[in-house]
Amino acid sequence: MSQKPEDIFKNVISHSKEYGFIFQSSEIYDGLSAVYDYGQLGAELKKNIRDYWWKAMVQMHENIVGIDAAIFMHPTTWKASGHVDAFNDPLIDNKDSKKRYRADVLIEEHVAKLEDKINKEVEKAAKKFENFDAALFKSTNGRVKEYQEKIDAINARFKTALNENNLQEVKQIIVDLEIVCPISGSRNWTDVRQFNLMFSTSIGSVSDESNTIYLRPETAQGIFVNYLNVQKTGRMKLPFGIAQTGKAFRNEIVARQFIFRMREFEQMEMQFFVKPGTEMQWYEHWKQTRLKWHLSLNLGAQKYRFHDHLKLAHYANAACDIEFEFPFGFKELEGIHSRTDFDLKQHEQFSGKKLQYFDSELNQSYVPYVVETSVGLDRLFLAVLSSALKEEQLENDTRTVLQLPAAIAPYKAAIFPLIKKDGLPELAEKIMQNLKFDFNVAYDEKDTVGKRYRRQDAIGTPFCITVDHQSLEDQTVTIRYRDSMQQERMPIANLSVFLAENVGIKTLLQTL
RNA sequence: GCGGAAGUAGCUCAAUUGGUAGAGCUCCAGCCUUCCAAGCUGGAGGUUGCGGGUUCGAGACCCGUCUUCCGCUCCA
């Protein structure tokens, strides 16, 4: 395999396709941009990663419970969360400087310039005359009146365009005003586009005026709106967490880099509710806990780093990313945010319902603070796959091996008869039938055994169990390790225990 | 969205100036039986991303479109 990161990434993509991990969505119709499907092996790997996260977060913490909220939510949810207002901006690009601007800001700045001119006229006049009446001057001075008329005309036209959602008209205003790009100085503009983060659709009968409904752009709100339900029915005491995995949807303008940025993606997140004032210590706690979880996958400690946010989002008082070194560089894998009480307070305000916690120690109620951990499952999948895929140089040849952590490999073991006769397939079949109650196992009798080993290497199966003639006599088999290619003999009766120890998720959880 | 590169079998890639679409691996059915791919026989698989155009003739040239990768941008 070439050392060039670009080639490594290409290999990951073609390997994903070739072995059934990832397919492009609707490929027979030329695909759908930035949407991908998980194939037969990808679905297993993804499920195993999700399970490991869920067990580590929910099963291993008595004070964390999991929910599964619906993708559709009441539209007001997104007003409260700020998603409706935050992403309603008309955008325009300058083709020469390649810079993107908010079209409304460009127009407002132009208007501001005209207002400056008026102010200068007023200042000049104020110096000239005593007993200066600014209002009178503005309403009588010809030049000022001219500017003011221009401003009013622009504002009226802009307002109409926005109300009619007429983006072509917005662009035409920019063209007509001869607004230039501050950087390139050119008037070479693209069309104005509405940058709308959320996908919308309509639903039969929501309530009042609106029947527009959004596909959730993040899963977090499903937890916040259920905060009180869970706290009451689960008798949860602070601090406690609510975890959830599920799909979220964002209509990215540019979505690229394979499954790194998709329009439909899956999040695994946990909102941890704490007493106000303790949030920074929990923020630090979860930073370390989550990093440790990632490190347990053994992809290489040097591939992780924290990236602290200097510029914080409106809801946060501290935020950082756990970044991972993908083939295309260090990129965000998980976000850890101290969200304060912003979300719950917003929902209190918009819903009119109290979302408070009664602290029996303090004998008072308050809105809890929230520390969020949020991983992109698809990104984690890509991190695992791209660092597991190795082209290994052997003595006389090379082999492709997917060095997945055993506990999350799609198949835990493959069972082969050494040859396809003499009763070996029958015994192998029997072993498989027995193991498959506890483990996802594969069976293969086609081609030479060496070839079968390599096939399993390529899909990351940690162990291959081979039945040979000796097996018929003493009920032992050979078990071959994927990474070392070493083999050892063991009784068939020991297989279950051996696999449980070596591929079980328990082994991984115990490292945390 | 702008710019660059690309799209031919499941994968990686050929195809001379525009002249019969091919190879390797994979896959399938057998043979062989030997614990680490590339043994033997046979076979399947393509409207060359899609749609137009130029031409006697287009995988190649032109236009449009879709998709992917790279840079910029975006990513509360």
Side-chain angles (χ1 to χ4, degrees), chain A residues 4-7 9-11 13-20 23-36 39 78 81-89 91-101 184 188-193 195 197-198 217-218 220 250-258 260-263 309 311-316 319 327-328 331-332 335 337 342 376 394-401 416-422 424 445-458 464-470 477-482 485-487 489:
Chain A
K4 279 168 65 187
E6 197 180 317
D7 291 339
F9 190 37
K10 277 187 178 162
N11 278 332
I13 296 170
S14 66
H15 195 86
S16 297
K17 165 103 189 271
E18 184 164 8
Y19 288 94
F23 306 120
Q24 187 168 17
S25 163
S26 330
E27 196 187 11
I28 61 168
Y29 293 108
D30 287 338
L32 186 61
S33 182
V35 183
Y36 291 89
W78 307 112
S81 70
H83 285 83
V84 171
D85 294 331
F87 286 92
N88 226 9
D89 306 327
L91 298 177
I92 189 166
D93 289 342
N94 183 272
K95 289 182 186 172
D96 297 311
S97 66
K98 318 278 185 222
K99 289 293 169 193
R100 172 167 297 157
Y101 301 94
S184 67
N188 191 9
W189 297 106
T190 63
D191 285 340
V192 175
R193 298 175 318 280
F195 177 36
L197 173 83
M198 291 191 288
E218 64 173 25
R250 292 185 196 177
N251 197 3
E252 306 278 0
I253 299 175
V254 178
R256 252 192 317 212
Q257 287 166 316
F258 195 40
F260 183 79
R261 178 165 292 122
M262 294 192 287
R263 297 209 159 96
H309 290 199
K311 207 179 129 199
L312 295 171
H314 57 277
Y315 53 72
F328 41 85
K331 299 276 181 184
E332 180 186 353
H337 295 176
F342 176 84
L394 302 177
E395 255 179 64
N396 294 318
D397 67 275
T398 61
R399 68 163 182 156
T400 301
V401 54
F416 309 146
L418 183 60
I419 57 173
K420 203 165 43 174
K421 60 179 184 186
D422 301 338
L424 301 187
E445 57 178 26
K446 173 83 182 156
D447 299 314
T448 64
V449 74
K451 220 169 178 178
R452 284 177 265 164
Y453 287 148
R454 299 303 171 86
R455 273 204 285 265
Q456 296 299 325
D457 288 342
C464 291
I465 295 161
T466 303
V467 173
D468 56 18
H469 291 92
Q470 189 185 330
V477 290
T478 61
I479 188 153
R480 179 246 191 203
Y481 290 72
R482 176 193 66 200
M485 296 169 69
Q486 298 295 308
Q487 292 182 74
R489 233 185 150 80

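In what follows, chains carry the letters A, B, and so on, assigned in the order in which the sequence lines appear, proteins first and then strands, with residues in each chain numbered from 1. Bear in mind the structure is a predicted one, so any value in this text is a computation, not a measurement.
- B:G46: no Watson-Crick or G-U partner with both key distances under 3.5 Å is found in any strand.
- Every side-chain contact (heavy atoms from CB on, under 4.5 Å) that A:S33 has, sequence neighbours left out, goes to A:R263.
- Partners of A:I479 according to the side-chain contact (heavy atoms from CB on, under 4.5 Å) rule, which considers only residues two or more places apart in sequence or in another chain, are A:F463, A:I465, A:E488, A:M490, A:L495, A:F498.
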Using a cutoff of under 3.5 Å, can you pull out all pairs of nitrogen or oxygen atoms linking the protein to nucleotides 65-68 of chain B, with atom names and distances?
residue : atom : partner : partner atom : Å
B:U67   : O4'  : A:D30   : O            : 3.3
B:U67   : O3'  : A:Q24   : NE2          : 2.8
B:U67   : O2'  : A:Q24   : OE1          : 3.3
B:U67   : O2'  : A:Q24   : NE2          : 3.4
B:U68   : OP1  : A:Q24   : NE2          : 3.4
B:U68   : OP1  : A:A34   : N            : 2.8
B:U68   : OP2  : A:S33   : OG           : 3.1

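- By the side-chain hydrogen bond (donor to acceptor under 3.5 Å, both in side chains) test, A:Q24 is found to be paired with no residue, residues two or more places apart in sequence or in another chain being considered.
- Residues satisfying the side-chain contact (heavy atoms from CB on, under 4.5 Å) test with A:T398, not counting sequence neighbours, are A:E391, A:Q393.
- In terms of the salt bridge (charged side-chain N to carboxylate O under 4.0 Å, His left out) criterion, residue partners of A:K17 (sequence neighbours excluded) are, by chain and number, A:E27.
- Taking the salt bridge (charged side-chain N to carboxylate O under 4.0 Å, His left out) definition, one finds that A:D447 meets it with A:R455, sequence neighbours left out.
- For A:H309, the side-chain contact (heavy atoms from CB on, under 4.5 Å) test picks out A:H307, A:L312, A:A319, A:D321, A:H337, with sequence neighbours left out.
- Taking atom P on both B:U12 and B:C27, the two are 16 Å apart, rounded to the nearest angstrom.
- For A:F9 and A:F328, the gap between ring centers is short of 6.0 Å.
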N/O to N/O distances under 3.5 Å, protein versus nucleotides 12-14 of chain B:
none

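- Every residue two or more places apart in sequence or in another chain that forms a side-chain hydrogen bond (donor to acceptor under 3.5 Å, both in side chains) with A:S81 is listed here: A:H83.
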Nucleotides 35-41 of chain B: protein proximity per nucleotide (B base, S sugar-phosphate only, - neither; heavy atom, under 4.0 Å): BBBB---
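- Checked against salt bridge (charged side-chain N to carboxylate O under 4.0 Å, His left out), A:E218 has the following partners two or more places apart in sequence or in another chain: A:R339.
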